[in-house]
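Lettering of chains follows the sequences in order, A, B, ..., and the numbering in each one begins at 1. Because the structure is a prediction, the values reported are computed rather than measured. Hydrogens, waters and symmetry mates play no part in the numbers below; they use all other heavy atoms, side chains included.
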Amino acid sequence: MNDALATLKERGFFKQCTDEEMLNKKMDEGPIRIYVGVDPTGPSMHIGHMVPLFAMHHLQEAGHLPIILVGGGTARIGDPSGKSDMRKMQTVDEIKVNAEKLKAQISRFISFESGGAKLVDNADWLAPLNYIEFLRDIGRHFSVNRMLTFEAYKMRLEKGLSFIEFNYQLLQSYDFLELYRREDCVLQIGGDDQWGNIVAGMELIRRVESGEAMGLTFPLVTRSDGKKMGKTEKGAVFLDPNMTSVYDFFQYWRNVADADVEKFLLMYTFLPVDECKRLGALKDQAINEAKEILAYEQTKIIHGKEEADKAREAARAAFSAGGATQDKSGMPAADIAASELEAGINIMDLFVKSGLCSSKSEARRLVSQNGAAVNGDKVSDVDAVIGTSFVVEEDGEKEVILKAGKKRFFRFVVK
RNA sequence: GGGGAGGUUCCCGAGUGGUCAAAGGGGGCAGACUGUAAAUCUGUUGCUUCGGCUUCGAAGGUUCAAAUCCUUCUCUCCCCA
């Protein structure tokens with residue numbers, strides 16, 4: 001089997017392929033152009049978006065040429081696949097800004113240097129489309145009867161499906177056709193929910209250009225607890241550190257379920273397969289080691305080694321016994337004026353100020369339920385006043401460490 | 001265009017004049033147990049200067065009193081055309 005394909009399979013990036021034999025052969029013959037679509041639907045990707053891109057990373061490693069397609073055109077429509085509601089449409093400007101940020105994030109693990117990956121925007125060819133011509137040249141190749149049999153549309157038929165969404169498949173197929181024509185792209189990869197769209201594109205290429213194109217999908221990543229990948233109660237885990245702090249990002253991975261460790265190591269880190277398997281097989285308390293490695297490696301890929309080191313140290317410091325003796329520079333922090341502490345500040349106000357609690361009522365609950373701690377000591381009196389006596393000095397820095405529950409920390413640096 | 005059914009707190013979903021900050025479930029948060037896991041159990045879950053204040057699609061109105069009644073608007077779904 002072709003090495004690149006073998007890697008994908010080993011690491012869990014393989015669900016189905018339109019023609020595995022041919023793909024094998026083509027990849028053996030030399031580098032091929034591969035495309036994956038990403039919709040710039042927000043200012044930052046979240047980790048649920050990452051799977052196809054990590055798969056692409058491995059393909060690029062094997063010498064193939066990635067094309068990352070940002071759906072500048074299609075983002076204005078919304079893909080019905082796997083969605084129960086119509087997606088919010090976006091303005092042209094929003095999409096443009098998002099696409100730029102996207103590229104910066106992706107370039108951490110996919111090289112856009114000369115001869116490497118390409119970033120293309122389908123608005124380039126979708127925007128100038130002429131409706132009549134499109135219907136005549138492309139639309140005629142699609143059978144409504146057939147489209148209606150697709151699970152994605154069936155589902156939506158019960159809830160309601162707008163005409164533009166129904167057209168999504170045509171546009172995505174057209175993307176594939178354009179990339180086949182322009183870039184000689186012969187493979188599209190994507191999540192398994194994209195299977196129908198990918199196959200449709202492949203068939204379009206065959207009909208219009210008599211070309212041979214292929215598709216490959218990965219399993220949709222699910223967590224063993226059934227929650228959506230990358231979603232937390234507070235929202236998605238974003239790659240942008242301004243939206244999800246590096247510390248929180250690290251913690252998300254540190255806290256995955258035991259059953260998910262091996263799968264995530266394989267898919268979300270670049271560690272050798274054997275190592276992933278060894279770590280994933282660890283039992284009981286020992287598996288915490290694997291979780292830390294998973295969190296560290298993933299953070300390193302997305303935020304860089306320096307940030308990953310900081311986050312790991314911060315986590316170790318926060319959770320180890322005693323907890324107040326090591327480096328805490330990765331912990332979320334903010335400055336606080338010395339004068340404020342001299343005057344004394346109510347415990348609830350301090351938690352709200354830190355952002356650990358979003359309202360005073362929440363802070364009150366936290367404190368009265370015995371979930372609040374200052375410098376490691378529980379505080380259960382809602383009327384407690386935090387003054388200068390709570391300031392600890394460490395390495396020349398004066399600070400106050402707040403803790404909410406077992407896992408959330410915040411550090412105030414006294415200025 | 002005609003007819004019908006609906007929009008309730010993070011989500012689902014009860015609630016048809018005061019006893020409603022609003023049942024129940026889910027989710028979340030906290031506590032116990034643990035391994036920063038899972039499961040389980042317990043508490044909690046609008047805001048607050050703790051006097052109150054603001055919520056039930058939007059705006060008006062009736063009433064001592066409205067999520068509940070009336071009017072208009074708006075959005076969603078279904079049937080017919």
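With a cut-off of 3.5 Å on both Watson-Crick or G-U wobble distances, the partner of B:C20 is given as none. Shown here, B:G1 forms a base pair with B:C80; the pair counts as Watson-Crick or G-U wobble because both key distances fall under 3.5 Å. In this structure, B:U62 makes no Watson-Crick or G-U wobble pair, since no nucleotide meets both defining distances under 3.5 angstrom. Base pairing annotation: B:C10 forms a Watson-Crick or G-U wobble pair with B:G26, both donor-acceptor distances under 3.5 Å. Partner assigned to B:C47 is B:G52, using Watson-Crick or G-U wobble distances below 3.5 angstrom.
Comparing the C1' positions of B:U9 and B:A21 gives an interatomic distance of 8 Å, to the nearest angstrom. Here, B:U55 and B:C41 have their C1' atoms 33 Å apart, quoted to the whole Å. For B:C29 and B:G46, the P atoms lie 15 Å apart once the distance is rounded to whole Å. Separation of the C1' atoms belonging to B:G18 and B:G7 is 25 Å when rounded to the nearest angstrom. Comparing B:A65 with B:C79, their P atoms are spaced 43 Å from each other, to the whole Å. Distance check on atom C1': B:A37 versus B:C75 gives 44 Å, rounded to whole Å. Using P as the reference atom, B:C80 and B:C10 are 37 Å apart when rounded to the nearest Å. When the C1' atom is compared between B:A22 and B:U45, the two are found 14 Å apart, to the nearest whole Å.
Of the two residues contacting RNA chain B, namely A:Gly405 and A:Asn288, the nearest-nucleotide position lying further toward the 5' end is that of A:Gly405. In this structure, A:Arg312 and A:Val352 both approach RNA chain B, and ranking their closest nucleotides by distance from the 5' end singles out A:Arg312.
Checked by distance alone, A:Gln369 brings a side-chain donor or acceptor within 3.5 Å of a matching partner on the base of B:G43. A:Gln285 contributes no side-chain N or O that forms a donor-acceptor pair with the base of B:U34 under 3.5 Å.
Going from atom CD of A:Glu362 over to atom P of B:U44 covers 16 Å, rounded to whole Å. The interatomic distance linking A:Lys407 (NZ) with B:A37 (C1') rounds to 8 Å, in whole Å. Distance, A:Asp258 CG to B:A37 P: 10 Å, rounded to whole Å. Between the CZ atom of A:Phe351 and the C1' atom of B:U48 there is a distance of 20 Å, given to the nearest Å. In this entry the distance linking CZ of A:Arg364 with C1' of B:G31 reads 19 Å, nearest Å. Across the protein-nucleic acid pair, A:Lys403 atom NZ and B:A30 atom C1' stand 12 Å apart, rounded to whole Å. For the pair A:Tyr252 OH and B:A37 C1', the interatomic distance rounds to 14 Å; values are reported in whole Å. If you measure from atom CG of A:Asp284 to atom P of B:U36, you get 13 Å, rounded to the nearest angstrom.
Aromatic ring pairs are classed by plane angle as parallel below 30°, tilted from 30° to 60° and perpendicular above 60°; the pair A:His57 and A:Phe270 is parallel. Using bins of under 30°, 30° to 60° and over 60° for the plane-to-plane angle, the ring pair A:Tyr268/A:Phe54 lands in the perpendicular bin.
Aromatic ring centroids of A:Phe412 and A:Phe410 lie under 6.0 Å apart. Here the two rings, on A:Phe250 and A:Tyr296, have centers that are 6.0 Å apart or farther.
Residue A:Lys360 places no side-chain N or O under 4.0 Å from the OP1 or OP2 atom of B:C50. Between B:A30 and A:Arg408, a contact under 4.0 Å exists linking OP1 or OP2 to a side-chain N or O. Residue A:Ser359 has no polar side-chain atom (N or O) positioned under 4.0 Å from OP1 or OP2 of B:G46.
Across all strands shown, A:Lys378 has heavy atoms under 4.0 Å from sugar-phosphate atoms exclusively, and none from any base. Among the atoms of the strands shown, base atoms are found under 4.0 Å from some heavy atom of A:Ser361. As judged by a 4.0 angstrom heavy-atom cut-off over every strand, A:Lys406 is placed among the base-contacting residues. The residue A:Ala372 sits apart from the nucleic acid: no heavy atom pair falls under 4.0 Å.
Summarising the local packing, CD of A:Glu393 is surrounded by more than 12 heavy atoms from other residues, nucleotides or ligands at distances under 6.0 Å.
Base orientation of B:G17: anti, the glycosidic angle falling outside 90° of 0.
Side chain of A:Arg365, nearest nucleotide from B:G31, B:U48, B:U45: B:U45.
Under the 6.0 Å distance and 45° angle rule, A:Lys103 counts as a cation-pi partner of A:Phe112. Under the 6.0 Å distance and 45° angle rule, A:Lys15 does not count as a cation-pi partner of A:Phe218.
Checked by atom type, the side-chain pair A:Asn24/A:Asn2 shows no donor-acceptor distance below 3.5 Å.
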